[in-house]
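Reminder, nothing fancy here: chain letters follow the sequence lines and each chain counts from 1.
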Amino acid sequence: MSEVEETLKRIQSHRGVQGTIVVNSEGIPIRTTLDNSTTVQYAGLIHQLAQKARSTVRELDPQNDLTFLRIRSKKNEIMCAPGNEYILLVIQTPDAS
Amino acid sequence: MADRKAELERKKARLEQMRRERQEKVRQKASPAEGGDDTKSKPQKDLRSETDDLLRNLGIPEASTVQTVVTKSPSGGEEVVHTVKTSSRSKVKLSLCKVNETSIAPREQVSYSKETQTLNAEPVDKDGSSQQGSPRFGSPKFSHPNLEWDDEFFDDDDDDEVLVYDDPQRSDDEADTDSMDQGVDSLPSGMPQVKMVDPAKTAEDLVKKEEPPVVRELTEEEKELILNDPEFNTFISKTSRIMERALAENYDILIDYSGGDGENKEDDLLAGERLKLNRTFYDERWSRHRTVTSLDWSIQHPELLVASYNVNEDAPHDPDGIALIWNNKFKKTTPEYVFHCQSALMSTCFAKFHPNLVVGGTYSGQIVLWDNRVNKRTPIQRTPLSAAAHTHPVYCVNVVGTQNAHNLISVSTDGKMCSWSLDMLSQPQDSMELQHKQSKAVAVTSFCFLSGDVNNFVVGAEDCTVYTACRHGSKAGINEAFDGHQGPITAIDAHSVPGQIDFSPYFLTSSFDWTIKLWSIKDQKYIHSFEDNSDYVYGVEWSPIHPALFASVDGNGRLDLWHLNNETEVPTASTVIDGNVALNTCRWHQSGHHISVGDDMGKIHIYDVGEHLANPKSGEWSKFVHTIQELKQHAAEREDDSNLALR
């Protein structure tokens, strides 16, 4: 378990990372570094989006599957790595250097 | 009533008469025919009578009567009867045949509604099973798969969608594909119906109904359980690896090389990002309490910076003049090379075409030369302290020319300008007294050659005047004097940015009078005066890459960047060095992205200039032309005003 914590901490300490969230298949956050309301908001919204993205990929080609989802916005970047049952979300502010 | 009866009887009589007449005619016809062709007519007659008998038996009226009926109402349709009658003369062979009753299903008119025709997108449940959604509407093929020819009658009875036989006794053998009756009859609705297509229900609508029940918190125990799950561990290790790779990638995919968005970005960025302190060079042993008198970047090794230092009053036993070569590439905090000399160094520069040589001009008038190949800290060459060379502090040293034909030029504050060959510093190649208007020697504090020119240069003097001069030719010596400053000139720099438009006539001067002035060598009066400083301005320099950008340093510790196309009244970027120091000198890096400033405490600060500020856009040159024209206009107006005021 501590390895998990360590890994999450390492990701969190990366340059520009605002928050890290682990969400299960129902959209409920398991581990988070942000405050509760933000976490719940992110978890719910991104979970739905990831499901939709996954179903899109699958529909286009049933043998295909979603591996990584990256949303780049003006202010930050949301990266979502889905697994079979969980989803790892990281919110990062990219520095333009 | 009686009339009618009479009429009827009359008509009957007439009919009888007509009948008799016709019969007579027929007989008449028959008799000559008989006479002519006995053999044929006889069998014909017999045949006829036979057929008549036959027909009579069947209950069909005689042909003759039929004929009259026919003649009475001749119509196209009755012609058929004619033919029937005639064909009945020949012997017709008739046989029994089975009548095939076939009923063909009417062609199905498939009609589509104008609404969406997509089938329902089946949302995948959590356990992966697809929902048994609403029946599929659409083409009849889906609605009634029963109508497949082959499968139809051989399906298992397990399926719901199989045919329901009305007659259970019928075996499969009798399943005759010829007879389609059962197919049609077995459909519950009779003929296949085409129903309207409902609009597609997307997953969104369905999900919305599911929303309210979700959002329940996991208890701590559940979380612990999940965290201890090995599958969770593998998930984390796998995805964290991917995530870290993604995090490390920091390319800006949105970068716009056309520079169109540059204006928007500038508003967002803070001034602090335009000038950012990169590092500080300071050596405890050698640069303490010494004022940095000059800086120069190497051309062959862009990371090397040479700095000359003044005397350290606190350490009388240390050499008076120190020159240190710093390396910007590495993080080490000590200089690469340390050079000494006996007298305080006023100016220094790298020998442009000799990467190993460093030139220094001292307070005593000596010019010294160091070589970093030799393991000595003292100069390898020195100029003599004689009247042939300089006897006054040399504030200006510079190597001008080309690789094969270059000279070291030095000017001292007694107006003497000497040109030397770097191989031999024992005596100058050429020397000249810079005098203005009959023997008024010019005390030169700074000088600069015009861009690309080895002959013409401008000098700033202690008497607040700027002079243009030539080295060779008929006009050798001081040519023109520009008045304008009210204090001794500390620094002078000529524009040297290459570009479509040549700005080489323009130069900047800074002086003790708190101002920086922009001049053109073609005009005696300055074009513009920058008056934002509140202390002596000690240094000014144009950017090597940007035509409208220059930097200045003053005694308040302020480093200013002026972007003339943006703003000519105040600097575009400005920062104050903390520590209450005065900045004595500044020097742009040849890339145009760094500035080095030296202060009076012996520290050298390297600043990074924000790229959007340092890099010129393609329109900067033409914009600068406009800017200068505007400034000239203002200058002219000012002149007129002052003339008017004087009167």
Side-chain angles (χ1 to χ4, degrees), chain A residues 1-17 20 22-32 36 40-41 43-44 47-48 51-52 54-56 58-59 67-70 72-74 77 79-97, chain B residues 121-128 130 202-204 207-208 210-211 213-220 222-256 261 264-265 268-269 273 276 608 610-612:
Chain A
M1 207 249 311
S2 65
E3 205 183 294
V4 167
E5 293 287 347
E6 219 179 276
T7 314
L8 290 177
K9 219 186 342 188
R10 197 174 64 228
I11 292 181
Q12 177 65 30
S13 65
H14 217 277
R15 185 170 57 161
V17 171
T20 313
V22 181
V23 179
N24 78 343
S25 50
E26 292 168 18
I28 303 172
I30 299 173
R31 261 274 174 281
T32 174
N36 198 23
V40 166
Q41 205 177 18
H47 171 71
Q48 285 175 34
Q51 294 288 70
K52 185 70 181 167
R54 181 180 246 156
S55 70
T56 305
R58 273 237 152 100
E59 218 171 287
T67 51
F68 202 80
L69 180 65
R70 210 167 175 170
R72 188 75 182 255
S73 71
K74 263 197 277 193
E77 183 167 10
M79 289 177 271
C80 160
N84 278 332
E85 285 188 36
Y86 306 97
I87 298 179
L88 174 65
L89 291 175
V90 174
I91 301 121
Q92 184 195 30
T93 47
D95 33 21
S97 60
Chain B
E122 295 182 323
V124 178
D125 267 359
K126 307 297 177 333
D127 35 356
S130 65
T202 57
E204 216 177 79
V207 166
K208 273 188 188 153
E210 291 172 17
E211 272 243 71
V214 181
V215 188
R216 62 176 184 89
E217 288 278 323
L218 286 179
T219 63
E220 283 303 315
E222 283 181 307
K223 285 186 183 172
E224 287 293 312
L225 207 69
I226 292 174
L227 288 170
N228 284 327
D229 190 10
E231 206 183 300
F232 185 74
N233 276 319
T234 46
F235 161 75
I236 285 286
S237 61
K238 210 165 45 124
T239 50
S240 65
R241 207 168 297 136
I242 304 171
M243 190 60 77
E244 291 199 297
R245 282 183 219 143
L247 282 170
E249 300 274 332
N250 267 324
Y251 42 80
D252 182 14
I253 57 170
L254 299 169
I255 187 165
D256 184 8
D261 291 342
N264 302 336
K265 270 193 194 161
D268 298 350
L269 284 171
E273 288 212 26
K276 213 167 53 163
D608 289 337
E611 276 185 32
H612 60 277

(message) Can you classify the ring geometry of B:F235 versus A:Y86 as parallel (below 30°), tilted (30 to 60°) or perpendicular (above 60°)?
(response) tilted
(request) With rounding to the nearest 0.5 Å, note down the distance linking CE in A:M79 to OG1 in B:T239. (result) 12.5 Å
(request) Please name all residues satisfying salt bridge (Lys or Arg N to Asp or Glu O under 4.0 Å) with A:E85, sequence neighbours left out, ordered by chain then number. (result) none
(message) Let me confirm one number: the CD1-OG1 distance from B:I242 to A:T67, rounded to the nearest 0.5 Å.
(response) 7.0 Å
(request) Can you spot which of A:V17, A:V90, A:T7 makes a side chain to side chain contact (heavy atoms under 4.5 Å, CB included) with B:M243? (result) A:V90
(message) Using 0.5 Å steps for rounding, measure from the OG atom of B:S240 to the NE2 atom of A:H14.
(response) 11.0 Å
(message) Rounded to the nearest 0.5 Å, what separates atom CG in A:N84 from atom OG1 in B:T234?
(response) 9.0 Å
(message) Quick check on A:L8 against chain B: is it the side chain, the backbone, both or neither that has a heavy atom closer than 4.5 Å?
(response) side chain
(message) Just so I know, are the side chains of A:R10 and B:E244 near enough to count as touching, which here means a heavy-atom distance under 4.5 Å?
(response) yes
